[in-house]
Novice: 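Here's a structure for you.
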Amino acid sequence: MLRRPMPGLIERYRQYLPFAEGDPVVSLEEGGTPLVPAPRLSARVGAEVFLKLEGANPTGSFKDRGMTTAVSAALREGAEAVICASTGNTAASLAAYAARAGIQGVVLVPEGKIALGKLAQALIYGAKVVSINGNFDAGLRLVRAIADEHPISLVNSVNEFRIEGQKTASFELLEQMDGAIDALCIPVGNAGNITAYWRGFSERGVHPRMRGFQAAGAAPLVSGKPVENPETVASAIRIGNPARWEQAMEAMTASGGAVNAVTDEQILDAYRFLAREEGVFCEPASAASVAGLLAFGAGGAERIACVLTGNGLKDPDTALSQVDGVIACDAELEAIVSAVL
Ligand SMILES: *Cc1c(COP(=O)(O)O)cnc(C)c1O
């Protein structure tokens with residue numbers, strides 16, 4: 001069979017990843033996501049801004065970058081099951097890669113707080129989905145304890161292979177921007193992704209300012225202390241006690257960046273702006289990067305990349321809450337013309 005040369009991340013970047021030739025590779029041909037210019041956003045902030053569309057990954061979020069590596073490594077170690085706690089996207093991604101690997105996926109999600117699309121994905125891929133009456137942070141404590149005691153591999157971003165896989169996004173950005181990037185704007189939840197980007201940039205000797213943005217109701221890195229009951233419309237970053245706290249702070253400090261909070265209102269404004277003005281539909285958590293850029297400005301940077309971490313279709317409920325809705329009309333020419341023109 002003739003095949004397009006579009007390998008997944010492990011094959012593309014093997015020399016920079018902890019995988020040898022012949023190791024099992026579980027891939028859905030993740031990565032290679034578009035970087036699109038954002039002319040209207042650029043005009044608003046007075047800098048050249050690009051959007052890294054991580055929602056174009058196989059399960060619709062950047063989590064696939066870390067899941068190809070984490071599940072491949074789990075398979076290499078002989079794992080028969082993988083587990084994670086998740087606000088949704090890690091669950092969807094784990095479920096897909098576990099299915100691909102032919103092993104059992106198990107996910108813990110916070111009851112009632114997971115976006116509809118993510119839940120549908122985790123279930124249809126065949127994972128065991130357990131809903132707990134606690135938040136993400138409680139879920140992470142539980143899965144850590146389970147993985148310590150049982151032959152099941154933990155693939156939350158405390159797993160080093162996740163960070164290794166996710167750092168490939170920096171490699172791609174540098175290729176797509178020809179190495180010229182002054183600042184990166186990125187939403188921060190459990191802080192694995194910003195840690196991974198910084199690692200990727202550092203390995204290439206490039207040091208853009210790392211600007212992390214948290215939701216105001218879930219901003220432990222901004223306040224300097226864990227948040228007991230994190231709340232935000234951006235469910236993917238609804239995390240009160242990030243696992244990669246120190247590393248994220250190190251990345252921002254070392255790069256001359258910062259961590260800031262954006263309100264849900266600012267997040268939703270950016271979310272609608274991206275859809276209507278740039279034609280890019282991301283999920284609310286992703287819009288935190290652009291909300292932060294709009295709120296705090298370019299800060300002298302000339303070329304900026306905003307990471308849009310997940311696809312807007314993940315969370316149809318939030319999208320529908322932000323629009324006027326459909327126009328009901330009789331199936332008659334005149335009625336339709338007068339309704340829309
Ligand atoms: C996981 C996730 C984040 C947060 O990434 P962390 O590595 O937890 O900081 C942001 N946006 C989306 C859509 C996510 O799925």
Side-chain angles (χ1 to χ4, degrees), residues 30 33 51-57 59-67 70 84-94 96 107 109-110 113-115 117-119 121-122 135-137 139-140 155-160 162-167 169-170 184-200 210-215 218-222 230 232-249 251-252 259 262 267 270-271 274 280-292 306-315 318:
E30 56 293 313
T33 57
L51 307 171
K52 182 69 169 155
L53 304 190
E54 288 294 281
N57 275 297
T59 76
S61 86
F62 76 83
K63 298 298 197 300
D64 295 342
R65 291 183 186 275
M67 211 50 77
C84 73
S86 176
T87 60
N89 280 332
T90 306
S93 187
L94 173 149
V107 301
V109 297
K113 296 289 184 182
I114 168 173
K118 305 174 188 182
L119 185 62
Q121 287 181 288
N135 61 25
F136 170 84
D137 303 284
L140 184 56
V155 296
N156 275 106
S157 59
V158 295
N159 177 318
E160 263 310 298
R162 285 277 308 279
I163 306 299
E164 283 293 301
Q166 286 171 211
K167 78 182 180 187
S170 294
L184 182 85
C185 295
I186 182 170
V188 176
N190 212 26
N193 211 25
I194 191 168
T195 299
Y197 271 86
W198 182 239
R199 184 182 296 178
M210 303 296 286
R211 301 181 58 191
F213 297 101
Q214 299 204 286
L221 298 185
V222 179
T232 170
V233 67
S235 57
I237 52 172
R238 191 173 170 273
I239 292 175
N241 192 10
R244 297 271 177 180
W245 187 309
E246 285 80 20
Q247 281 164 288
M249 293 311 296
M252 290 183 273
V259 62
V262 282
I267 288 172
Y271 172 72
L274 284 168
V280 172
F281 182 28
C282 63
E283 64 174 284
S286 310
S289 59
V290 170
C306 292
V307 183
L308 298 186
T309 44
N311 194 300
L313 290 170
K314 294 273 192 175
D315 188 354
T318 300

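We count ligands from 1, going down the list as the structure has it; atoms in each ligand are counted the same way.
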Novice: Checking a contact table here: which protein heavy atom is nearest atom 5 (O) of ligand 1, and how many Å away?
Specialist: F62 CZ, 3.4 Å
Novice: Which of these, Q166, K63, K167, R162, sits in a side chain to side chain donor-acceptor pair (under 3.5 Å) with N193?
Specialist: Q166
Novice: Is there a side-chain contact between M210 and I194, using heavy atoms and a 4.5 Å cut-off?
Specialist: yes
Novice: Could you list the atoms of ligand 1 found under 4.0 angstrom from a heavy atom of A285?
Specialist: 11 (N)
Novice: Can T33 and K52 be said to form a side chain to side chain donor-acceptor pair (under 3.5 Å), step by step?
Specialist: CA-CA 7 Å; T33 57; K52 182 69 169 155; 2.9 Å; yes
Novice: Would N190 count as being in polar contact with ligand 1, using the rule that some N or O on each side must be under 3.5 angstrom apart?
Specialist: yes
Novice: For G192, take its heavy atoms, then give the atoms of ligand 1 lying under 4.0 Å from any of them.
Specialist: 6 (P), 7 (O), 9 (O)
Novice: Evaluate E30 against N57 for side chain to side chain donor-acceptor pair (under 3.5 Å), listing each step before the verdict.
Specialist: CA-CA 5 Å; E30 56 293 313; N57 275 297; over 6 Å; no
Novice: Have a look at ligand 1 and work out which part of I237, if any, has a heavy atom under 4.0 Å from it: side chain, backbone, both or neither.
Specialist: side chain
Novice: So that I can tick it off, tell me whether R65 and E164 are bridged by a salt bridge, with the cut-off set at under 4.0 angstrom between side-chain N and carboxylate O.
Specialist: no
Novice: Counting only nitrogen or oxygen atoms and a 3.5 angstrom limit, does K63 reach ligand 1?
Specialist: yes
Novice: Tell me yes or no: between the side chains of K314 and Q121, is some donor less than 3.5 Å from an acceptor?
Specialist: yes
Novice: Which heavy atom of the protein is the closest neighbour of atom 11 (N) of ligand 1, given with residue, atom name and distance?
Specialist: T309 OG1, 2.7 Å
Novice: Which residue owns the protein heavy atom closest to atom 7 (O) of ligand 1, what's the atom, and how far is it?
Specialist: N193 N, 2.8 Å
Novice: Is V307 close to E54 at the side-chain level, that is, under 4.5 Å between some pair of heavy atoms?
Specialist: yes
Novice: Are any of the side-chain nitrogens in E160 or R244 under 4.0 Å away from the carboxylate oxygens of its partner?
Specialist: yes
Novice: Say you draw a straight line from OG of S235 to CG of N89; how long is it, rounded to the nearest 0.5 Å?
Specialist: 8.0 Å
Novice: Do any nitrogen or oxygen atoms of A191 lie less than 3.5 angstrom from nitrogen or oxygen atoms of ligand 1?
Specialist: yes
Novice: For N89, is at least one N or O under 3.5 Å away from an N or O on ligand 1?
Specialist: yes
Novice: Considering both backbone and side-chain atoms of E283, is one of its nitrogen or oxygen atoms within less than 3.5 Å of a nitrogen or oxygen in ligand 1?
Specialist: no
Novice: Would you check the N or O atoms of P187, main chain and side chain alike, for any that come under 3.5 Å of an N or O of ligand 1?
Specialist: no
Novice: Under 4.0 Å from any heavy atom of V188, which atoms of ligand 1 are there?
Specialist: 9 (O)
